[in-house]
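Let me begin by presenting the structure, written as structure tokens, before commenting on it.
What you are looking at is a predicted structure, and each value in this text was computed from that prediction instead of being measured.
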Amino acid sequence: MSKSIEAMWKQGFVSEGELSAPKVNDLYNRKSQNIVDKLQNMFAVNIKAIVIGALVMLVVMSLIGAPWLGLYICVLLAPLVLIARKELTKSHNLSKGQSSLEYLESFDTWLKNSMDTYSKYYRFFLSAVLYRYGNTRASE
């Protein structure tokens, strides 16, 4: 950290012996695995955020006098969390021993299947929410 990029750049041109690049074995494969690992970590954080958000929503709705609405939201989000955990477990089962292309192709297949699973649930989730609020507004 003591050397700036400019200082290292100038030093590289002064002495050619320091121009050697570090050797990294299998960088291409490791890079794709790191990207997938980052996506999996973000996915796990997203699951935790949904759980925390659902609980906060239950508490807030209870405090403002609408505990049934908070409970309704929690009940609708609970299957989403279960589906997300199941999908995350499937993603961790991908074999990292494959070549980078095969690994990314298997991850892409998992991602497409996962999106199909979520789209099925969201069809139900959105229709349940719209049904609930559509009937409430129609009766007003």
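Residues N41 and V45 have side chains not in contact (no heavy-atom distance under 4.5 Å, counting atoms from C-beta outward). At least one side-chain heavy atom of L71 sits less than 4.5 Å from a side-chain heavy atom of L58. In this structure the side chain of S119 reaches within 4.5 angstrom of the side chain of R123, judged on heavy atoms. You'll find the side chain of Y118 reaches within 4.5 Å of the side chain of E87, heavy atoms only.
Side-chain heavy-atom separations under 4.5 angstrom define the hydrophobic clusters, and the remaining members of the one that includes V56 are I52, V60.
The distance from atom CG of L80 to atom OG1 of T117, rounded to the nearest 0.5 Å, is 11.5 Å. We find the CD1-CE distance between I50 and M57 to be 12.5 Å, quoted to the nearest 0.5 Å. Distance check: L39 CG to L111 CG gives 8.0 Å after rounding to the nearest 0.5 Å. Here NZ of K120 is found 10.5 Å from CD1 of I83. Values are rounded to the nearest 0.5 Å. Interatomic distance, I47 CD1 to L88 CG, rounded to the nearest 0.5 Å: 5.0 Å.
The local environment of CE in M61 is crowded, with over 12 non-hydrogen atoms from other residues, nucleotides or ligands closer than 6.0 Å.
A continuous path of ILVMFWY side-chain contacts below 4.5 Å connects Y72 to I64, so both sit in one hydrophobic cluster. Placement of L82 and Y122 in two distinct hydrophobic clusters is found when ILVMFWY residues are connected by side-chain heavy-atom separations under 4.5 Å, directly or transitively. F107 and M42 fall within the same hydrophobic cluster, defined by Ile, Leu, Val, Met, Phe, Trp and Tyr side-chain heavy atoms under 4.5 Å apart, directly or through other members.
A distance-only check finds a donor-acceptor pair linking the side chain of Q40 to the backbone of S91 [under 3.5 Å]. Under the 3.5 Å distance criterion, the side-chain polar atoms of W110 are left unmatched by any main-chain donor or acceptor of H92.
Nearest heavy atom pair, residue C74 against residue A54, reads SG-O, 3.1 Å.
Using a cut-off of 4.0 Å between Lys/Arg side-chain N and Asp/Glu carboxylate O, D108 and K112 are scored as salt-bridged.
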